[in-house]
Amino acid sequence: MPRPIVIDTDPGQDDAVAILLALGSPELEVLGITTVAGNVPQPLVTTNALKLCELTGRTDIPVYPGADAPLQRDLFTAEYVHGPTGLDGVDLPVPVTTARSKHAIDFIIDTCLAAGPQGVTLCPVGPLTNIASAIAREPTIIPTIREIVIMGGGFFEGGNTTPVAEFNIYVDPDAAAIVFNSGAPITMFPLDVTHKALVLPEDLDRIRAIGTTVGDAVAGMLGFYERHDVEKYGIAGAPLHDPCVIAYLIDPELFIGKACRVDIETDSELTIGQTVVDWWGVTGSEANAMVMSEVDRAGFIDLVVERIARL
Ligand code: BDR
Ligand code: CA
């Protein structure tokens with residue numbers, strides 16, 4: 001039986017690859033895509049999610065618009081990474097389908113409450129505003145959540161938005177604190193692992209060589225997206241942050257991590273949004289997250305290429 005998941009996202013080129021990876025994978029059943037303001041504002045993130053469903057002909061996947069601002073702060077966006085549309089690098093048609101009228105937070109709550117024996121796996125790959133709001137409004141969903149698999153944070157690697165804060169956590173640290181304190185089972189993909197999940201020029205050649213509309217779209221998007229990281233970090237390719245979350249659900253053996261206590265800094269002006277990971281267990285506090293640190297990069301890229309080719 002495929003594993004039921006909800007993808008909570010702010011597309012974003014790497015979000016796009018995460019969505020496509022899920023849609024190309026029979027191990028997963030995408031119950032819905034919920035959107036959150038992050039890389040670009042609402043309604044752009046919702047339009048982008050619809051574009052991606054249409055690109056693959058999967059207009060049966062419902063898209064639910066969610067939060068347009070963090071819980072307590074002004075929205076900070078990342079057009080400097082993703083371009084003004086969020087999906088620069090490919091020119092996808094204006095969607096003919098529309099988003100559902102139900103709010104993302106209501107969809108998450110209703111889906112969890114209706115969960116079967118497999119529970120629901122939540123896959124947030126943007127700021128945690130929707131997930132935190134659902135948990136805060138209806139805490140009875142917590143036991144129905146099989147796992148929350150988060151792209152966010154950084155510890156030895158530091159941050160990509162401030163010296164210590166990664167973008168998704170930086171945008172809504174208050175939401176992140178609610179999620180990490182919720183007691184739900186959490187698996188975290190911080191920059192420490194996603195900065196090793198690079199897509200290199202030769203990988204882009206493989207994606208281009210697929211020769212399909214979806215393959216060409218992915219190659220175009222990633223070609224645009226990699227310029228930022230290559231220039232900023234001097235690395236050879238772009239980190240496929242968000243697809244790590246989906247790849248882990250398909251093949252957990254690709255990743256190595258450790259159970260740790262993770263707390264979120266919400267007060268300090270200097271370090272707001274920092275994920276304080278007790279990697280060495282110095283506090284003696286009980287772990288609240290499985291924190292990933294290593295990836296089998298070659299296996300990960302093989303999976304991405306193979307599944308994109310199926311679409
Ligand atoms: C995260 O921030 C966004 O820009 C990406 O989509 C990813 O989710 C990486 O810090
Ligand atoms: Ca994202």
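Just follow the structure's listing: the first ligand is 1, and inside any ligand the first atom is 1.
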When you measure from atom 3 (C) of ligand 1 to every protein heavy atom, which one gives the shortest distance, and what is it? Asn39 OD1, 3.1 Å
Before we go on, tell me: are the rings of His241 and Phe189 under 6.0 Å apart, centre to centre? no
protein heavy-atom neighbour closest to atom 1 (C) of ligand 1 works out as Glu166 OE2, 3.3 Å
Tell me whether Ser268 contacts the main-chain N or O of Leu270 through its side chain, where contact means a donor paired with an acceptor under 3.5 Å. yes
Write down the atom of Ser133, the atom of Ile105, and the distance for their closest heavy-atom approach. CB-CD1, 3.4 Å
So does Thr266 get a backbone contact from the side chain of Asp174, meaning a donor-acceptor N/O pair under 3.5 Å? no
Minimum-distance pair of heavy atoms, taken over all atoms of Gly66 and Ala104: CA-CB, 3.4 Å
Which atom name does Asp242 have for its N/O/S atom nearest to the Ca ion (ligand 2)? OD2
Options Val245, Asp10, Asp242, Leu191, ranked by nearest heavy atom to atom 8 (O) of ligand 1, top entry: Asp242
For Asp14 and Asp242, indicate whether the former's side chain and the latter's backbone hold a donor-acceptor pair under 3.5 Å. yes
Look at ligand 1 and say whether Gln13 reaches it with a heavy atom at a distance under 4.0 Å. no
N, O or S from Asp15 under 3.0 Å to the Ca ion (ligand 2): yes
Return yes if some donor-acceptor pair links the side-chain N/O of Asp192 with the main-chain N/O of Glu157 below 3.5 Å, else return no. yes
Taking the Ca ion (ligand 2) as the reference point, name the nearest N/O/S atom of Asp10. OD1
Ligand 1-proximal atoms of Asn160, by part, heavy-atom distance under 4.0 Å: side chain
Using a strict 4.0 Å cut-off to heavy atoms of Met151, name the atoms of ligand 1 that fall inside it. 1 (C), 7 (C), 8 (O), 9 (C)
Set out, in order, the CA-CA distance, both residues' side-chain angles and the distance that settles salt bridge (charged side-chain N to carboxylate O under 4.0 Å, His left out) for Asp302 and Arg206, then state yes or no. CA-CA 10 Å; Asp302 283 349; Arg206 283 177 70 190; 2.9 Å; yes
Which of the numbered atoms in ligand 1 are below 4.0 angstrom from a heavy atom of Asp15? 6 (O)
Using a distance threshold of 3.0 Å, state whether an N, O or S atom of Gly38 lies below it from the Ca ion (ligand 2). no
Please identify which atoms of ligand 1 are closer than 4.0 Å to at least one heavy atom of Asp14. 5 (C), 6 (O), 7 (C), 8 (O)
Val125 touching ligand 1 at heavy-atom level, < 4.0 angstrom: yes
Looking at Gln274 and Val276, would you say the former's side chain and the latter's main chain have a donor-acceptor pair under 3.5 Å? no
Could you list which atoms of ligand 1 come closer than 4.0 Å to a heavy atom of Asn168? 1 (C), 2 (O), 7 (C), 8 (O)
